[in-house]
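A short write-up of the structure that comes next.
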Amino acid sequence: MILHVDMDAFYASIEQRDNPALRGRPLVVGGSAEGRGVVATANYEARRFGIHSAMPVRKALHLCPDLTIVRPRMDVYAQVSKEIREIFESFTPLVEPLSFDEAFLDVRETAHLFGGPEQIGRSIKETIRARLGLVASVGIAPNKVLAKIASDIQKPDALVVIHPDQIESFLDPLPIERLWGVGKATGATMKRISIRTIADLKRLDPDSLQDLFGNSAQHYWELARGIDDRAVVPYREAKSISSETTFPEDISNREDLYGCLVYLVESVSRRLRSHGWKGKGIELKVRYHDFHSITRSQILPNPTDLTEELLRAANLLFHTKIPQDNRPVRLLGFGIHHLRQETYQQLSLFDQPKLEKQRSLDQVTDLIANKFGRNAIRRAEGNRSPNRRDR
Ligand code: DCP
Ligand code: MG
């Protein structure tokens, strides 16, 4: 399970904590009313007047003449942010901060140590309250998108759990604005064609989605079903390199598909070397004709930048973790994450000569490819890729 933790009225709650005279009254943290200051956040008392983030302070005062306006103290908020992150990290090393006041936590490996995901959620809330005098909302769900929606839906002071068998009944009735990443413009587009709830969105078939949303079609198809397989990536390991191909025509033959994978691995590992990075995590993504996608990942014992090693790992993932059926595939992707700049070599003496040979081979092929182009030199089992998107 993934947790999403988000502090309630973050800046405003800190101001009220530090100044008891402000408690129980409508308050915003923001710029000056004389200038063109905007509201950074409003406490829940002020929200009752319709005041919200990004509203001009002048307008907020108009809505609530009694409003207290406090200037931000960013250094204090940064310190609190650091303290909540330490609390998160006492429950799992896999913490991905999204902003000052929110983070995803992957607790799949550590939940059993603390009495399960729900108990972790409660303990985090209690620890934040006891140590920092602040209130957090927690969403717990099988993935990031759902956890993010869950933490928001009953704010403030909420703890919302979505179990796998509740995903559909939870999502279906929600207004589409609840979907993470659906902004005002997309929301308005959807409403024009009578898509108001997530259930409405789910009824659109892939072709209509493609017509309406182009490149984002896949994204919305998955969102509407609560599908999201992105990993929680701790901040310091956030760097990644990947490359993916959408084929001009779907590929059903597994050998052809493997050829494309070899191509992708070669180009990703070349880019890895050009940055002087090594990577430890590899990820394979397959999207089928009907928009279903699967990703399979693996952590290698040691970080590497050798094409041969990455290829071997990708080969194994491909042949053991991807169904070897003939379902037509529309997109294939390969990525490397957990990157770091490696200045020393950590090799067993035993492997050294073989690895040195691989390194020389990579150096020579990189030189040739840089000079004469990508297709001048490639592995025999690799395909040329007609259409590639790099990230
Ligand atoms: N913030 C800002 N400008 C915005 C939005 C937010 O400066 N347009 C700042 C102030 C918030 C903090 O970021 O306190 C966290 O943002 P949230 O969206 O989580 O809002 P709050 O924590 O204030 O309220 P909520 O209880 O809805 O999470
Ligand atoms: Mg918040």
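The model shown is predicted, which means the values in this text are computed figures rather than measured ones. When a residue number appears, it is its place in the shown sequence, counting from 1. Any value given below was found using the heavy atoms of this structure, including those in side chains, with hydrogens, waters and symmetry copies removed. Just follow the structure's listing: the first ligand is 1, and inside any ligand the first atom is 1.
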Checklist entry - Judged by non-hydrogen atoms, does R47 sit under 4.0 Å from ligand 1? => result yes
Next on the checklist: Looking at Q166 and H163, would you say the former's side chain and the latter's main chain have a donor-acceptor pair under 3.5 Å?
Outcome noted: yes
Checklist entry - Can you check whether a protein heavy atom sits less than 4.0 angstrom from atom 18 (O) of ligand 1? => result no
Item to check | Short N or O distance, A9 and ligand 1, threshold 3.5 Å exclusive | outcome: yes
Next on the checklist: Which residue and atom name correspond to the protein heavy atom nearest atom 3 (N) of ligand 1, and how close is it?
Outcome noted: A40 O, 3.6 Å
Next on the checklist: If you take the centroid of each ring, where Trp contributes its six-membered ring, are Y220 and W180 closer together than 6.0 Å?
Outcome noted: no
Next on the checklist: Out of Y77, Y44, Y11, F100, who is nearest to atom 14 (O) of ligand 1 when you count heavy atoms only?
Outcome noted: Y11
Item to check | F10, any N or O under 3.5 Å of ligand 1 N or O | outcome: yes
Checklist entry - Are any of the N/O atoms in A12 less than 3.5 Å from those in ligand 1? => result no
Next on the checklist: If only side-chain N and O atoms count, and only distance matters, is there a donor-acceptor pair under 3.5 Å linking H4 with S151?
Outcome noted: yes
Next on the checklist: I'd like to know if the side chain of Y11 pairs up with that of Q16 as donor and acceptor (distance under 3.5 Å, no hydrogens or angles considered).
Outcome noted: no
Checklist entry - Between S269 and T307, is there a donor-acceptor pair closer than 3.5 Å when you use the side chain of the first and the backbone of the second? => result no
Checklist entry - Taking only heavy atoms of D6, which atoms of ligand 1 are found under 4.0 Å from at least one of them? => result 19 (O), 28 (O)
Checklist entry - Are N43 and E45 linked by a side-chain donor-acceptor pair shorter than 3.5 Å? => result yes
Checklist entry - Would you call the rings of F10 and F100 parallel, tilted or perpendicular if under 30° counts as parallel and over 60° as perpendicular? => result perpendicular
Checklist entry - Out of D101, I14, T41, who gets a non-hydrogen atom closest to atom 23 (O) of ligand 1? => result T41
Next on the checklist: Below the 2.8 Å mark, what number of protein N, O or S atoms do you get around the Mg ion (ligand 2)?
Outcome noted: 3
Next on the checklist: Under a 4.0 angstrom heavy-atom cut-off, which atoms of ligand 1 come close to S53?
Outcome noted: 4 (C), 5 (C), 8 (N)
Next on the checklist: Run W221 and H292 through ring-ring contact (aromatic ring centres under 6.0 Å, His included) and show every step you take.
Outcome noted: CA-CA 9 Å; W221 190 90; H292 271 287; 5.0 Å; yes
Checklist entry - Listed by chain and number, what are the salt bridge (charged side-chain N to carboxylate O under 4.0 Å, His left out) partners of R203, not counting sequence neighbours? => result D200
Checklist entry - Touching ligand 1 at all, M7? Heavy atoms, strictly under 4.0 Å? => result yes
Checklist entry - Would D290 and R330 pass as an ion pair if we require N to O under 4.0 Å? => result no
Checklist entry - Is there a donor-acceptor contact under 3.5 Å linking the side chains of N326 and S252? => result no
